[in-house]
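Report on the following structure.
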2 protein chains.
Amino acid sequence: MKRGRKPSIDAADITRAAIAIADAEGLAAVSMARVAQELGNATMALYRHVKSKDELLALMSDSAMEDPPVLPAGGWRERLWFWAKAVLEGISRHPWFPQIPISGPPVGPHSLAWFDAGLGALDGTPLEPGEKVGVVMGLMTFVHGEARLRIALTRGFQEDPAAFNGRYGKVLRELVDGKKMPALAAVVDAGVFDVDDLFDVEDVAAEFDFGLHLFLEGVAAHIASKGSA
Amino acid sequence: MKRGRKPSIDAADITRAAIAIADAEGLAAVSMARVAQELGNATMALYRHVKSKDELLALMSDSAMEDPPVLPAGGWRERLWFWAKAVLEGISRHPWFPQIPISGPPVGPHSLAWFDAGLGALDGTPLEPGEKVGVVMGLMTFVHGEARLRIALTRGFQEDPAAFNGRYGKVLRELVDGKKMPALAAVVDAGVFDVDDLFDVEDVAAEFDFGLHLFLEGVAAHIASKGSA
DNA sequence: AATTTATGCGTACGTCATACGCAAAACGCG
DNA sequence: CGCGTTTTGCGTATGACGTACGCATAAATT
């Protein structure tokens, strides 16, 4: 048997508790003291299992994305589309996820599992291994970025709906000088930002789908160009 | 004339000083006290010109991306490529940029100018206004995300080169179970991560270019499908 | 029971953002 | 020139935070 006092908690417990707090009250509410309190331990007890708060954040970051789903049968395109949507959904369940600073290349078990799932969606395509990695990494950063934006806007809208409803178009009309920014003025005048509710769930989802569509269209074009080479 | 004591500094001065500190020592070094010291004022003096630190961060965020370049003549593709590279370069000059939390839709003058420049690259294409916005926003989030990743990895590499040089491939070989993650194991075995220096400048740039290429390929395909519709 | 070895945690320190209230300066008016 | 008004400058104080340090405590070995 092992000597010494038995640990009352381990790093996984701490990570779980921290994630629960972040889900409920935001990442800012996650302090070492708060996490310890939630676990019924003293603040400094956590440092026996976690080197620093940064390390805790890294652990949270990996466990946040639970497990990737099993991809449906079908072509690479349907599978990659499904994968990207799953990534977005996974992040949406933990809106604090994009706030955590990137500490390095993916090494956590969950991150790697998602990476594998994305690569698996490209099985059967004529892409080189390096190209598959490029496609999945590129798509991943796109989805992460989109999620980050979406979460920030959603939060802003929830905090002050009046400031967002339809106002963005008006604000832009005031700010945008047609001489200096003709292209922007054109789309503003076309009414692109004049929806009743700019951050309507459907609108944001459509925006994401369009970007995803473009990216996959690009992958398809690249695959086609390989086939004919 | 205006009554009362003359302001010794204004919000722009504060923003400039904060950016200088962030450029030199990172965003973490930007505290209200530090900024005030740099300006020769007391800490609390800053609050006369800036409501809170969050507001200061928002100001920094907008002024970080100086002014967009004039796009070269040519087709939309060359122009958009140039634009995306310029965005990446602009961010690279202020590596702390992606760490600033998004506070809302773009309203700052610089952000809007970049937005306009991106839209301007699509002048002459048959895209609807809403589609142009989708393309530029999508590309923007892709570039931002890629920059974020790149900066984080570069920093990690600079701090501890030994831990990164060629090691990532080895680490993955140990971590990746071929049964559970066949697709990832395949690319690892193919040696994709076995470069001498994973974060060689050229490698990272090539990765970015490939993702950018895919996205633009997608835009081209979308435009082509419109033309034939 | 004594020793070893790991964990639990109370205390203390330095840093941070910022609320509050008064001091200091620059103006208009007499 | 002096007085009152108005605006900026800032000293002090508060509470929250991450975490270094060292001792108390409990479990297993001897």
Side-chain angles (χ1 to χ4, degrees), chain A residues 1-61 96 99-104 155 159, chain B residues 1-61 96 99-104 155 159:
Chain A
M1 270 281 227
K2 274 218 288 222
R3 297 240 282 216
R5 187 170 174 171
K6 279 182 193 162
S8 63
I9 51 174
D10 64 359
D13 293 325
I14 296 175
T15 307
R16 246 192 311 278
I19 287 179
I21 295 169
D23 284 347
E25 303 169 42
L27 195 60
V30 176
S31 70
M32 297 305 271
R34 183 79 165 67
V35 174
Q37 175 192 319
E38 215 74 20
L39 290 165
N41 284 57
T43 305
M44 293 310 292
L46 305 187
Y47 285 90
R48 288 287 175 197
H49 311 96
V50 155
K51 266 210 310 292
S52 67
K53 187 176 181 181
D54 280 349
E55 190 182 287
L56 173 56
L57 290 177
L59 290 173
M60 289 175 71
S61 177
W96 44 267
Q99 293 180 45
I100 294 190
I102 301 173
S103 54
R155 199 187 329 266
E159 281 173 8
Chain B
M1 269 280 229
K2 275 219 289 227
R3 299 242 280 216
R5 186 170 174 172
K6 280 182 192 161
S8 63
I9 51 175
D10 65 357
D13 293 325
I14 296 175
T15 307
R16 246 192 312 278
I19 288 179
I21 295 170
D23 284 347
E25 303 168 42
L27 195 61
V30 177
S31 69
M32 298 304 272
R34 183 81 164 66
V35 173
Q37 175 192 319
E38 215 74 18
L39 290 165
N41 284 58
T43 305
M44 293 311 292
L46 305 188
Y47 285 91
R48 287 284 175 199
H49 311 96
V50 154
K51 266 209 313 293
S52 66
K53 186 175 182 182
D54 280 349
E55 191 183 287
L56 173 56
L57 290 177
L59 290 173
M60 289 174 70
S61 177
W96 43 268
Q99 292 180 46
I100 295 190
I102 301 172
S103 54
R155 199 189 325 268
E159 282 175 7

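The chains referred to below are lettered A, B, ... by the order of the sequence lines, with proteins before strands, and numbering in each begins at 1.
In this structure, CD1 of B/Ile9 is placed 6 Å from P of D/dG9, rounded to the nearest angstrom. Rounded to whole Å, atom P of D/dT19 lies 16 Å from atom NE2 of A/His49. Taking atom CG of residue A/Asp13 and atom C1' of nucleotide C/dG8, one finds them 15 Å apart after rounding to whole Å. Rounding to whole angstrom units, CD of residue A/Gln37 and P of D/dC17 are separated by 10 Å. Taking atom CD1 on B/Ile14 and atom C1' on D/dG9, their separation rounds to 12 Å, with Å as the unit. Here D/dG11 presents its C1' atom at 14 Å from CG of B/Asn41, a figure rounded to the nearest Å.
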The test is side-chain contact (heavy atoms from CB on, under 4.5 Å); show your working for B/Leu27 and B/Leu57 and say whether it passes. CA-CA 10 Å; B/Leu27 195 61; B/Leu57 290 177; 4.2 Å; yes

Run the side-chain contact (heavy atoms from CB on, under 4.5 Å) check on B/Trp96 and B/Val30 step by step: do they pass? CA-CA 11 Å; B/Trp96 43 268; B/Val30 177; over 6 Å; no

Check against side-chain contact (heavy atoms from CB on, under 4.5 Å), A/Met44 and A/Met32: CA-CA 8 Å; A/Met44 293 310 292; A/Met32 297 305 271; over 6 Å; no

Just do the side chain to side chain donor-acceptor pair (under 3.5 Å) check on A/Ser103 and A/Asp54 with the steps written out, would you? CA-CA 9 Å; A/Ser103 54; A/Asp54 280 349; over 6 Å; no

Can you check each nucleotide of nucleotides 13-21 of chain C against protein heavy atoms at under 4.0 Å and return B for base, S for sugar-phosphate only, - for none, in 5' to 3' order? ---SSBBB-

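The side chain to side chain contact (heavy atoms under 4.5 Å, CB included) test with B/Val35 is passed by exactly one of B/Ile21, B/Asp13, B/Ile19: B/Ile21.
In this structure, the side chain of A/His49 engages the main chain of A/Ile9 through a donor-acceptor pair within 3.5 Å. No side-chain donor-acceptor contact under 3.5 Å links B/Lys51 to the backbone of B/Leu56. Between the side chain of B/Thr15 and the main chain of B/Ala11, a donor-acceptor pair closer than 3.5 Å is present.
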Dump the pairs, protein N or O against N or O of nucleotides 26-30 of chain D, anything under 3.5 Å, distances to one decimal.
unit_1 : atom_1 : unit_2 : atom_2 : d
D/dT29 : OP1    : A/Met1 : N      : 3.1
D/dT29 : OP1    : A/Met1 : O      : 3.2
D/dT29 : O4'    : A/Arg3 : NH1    : 2.9

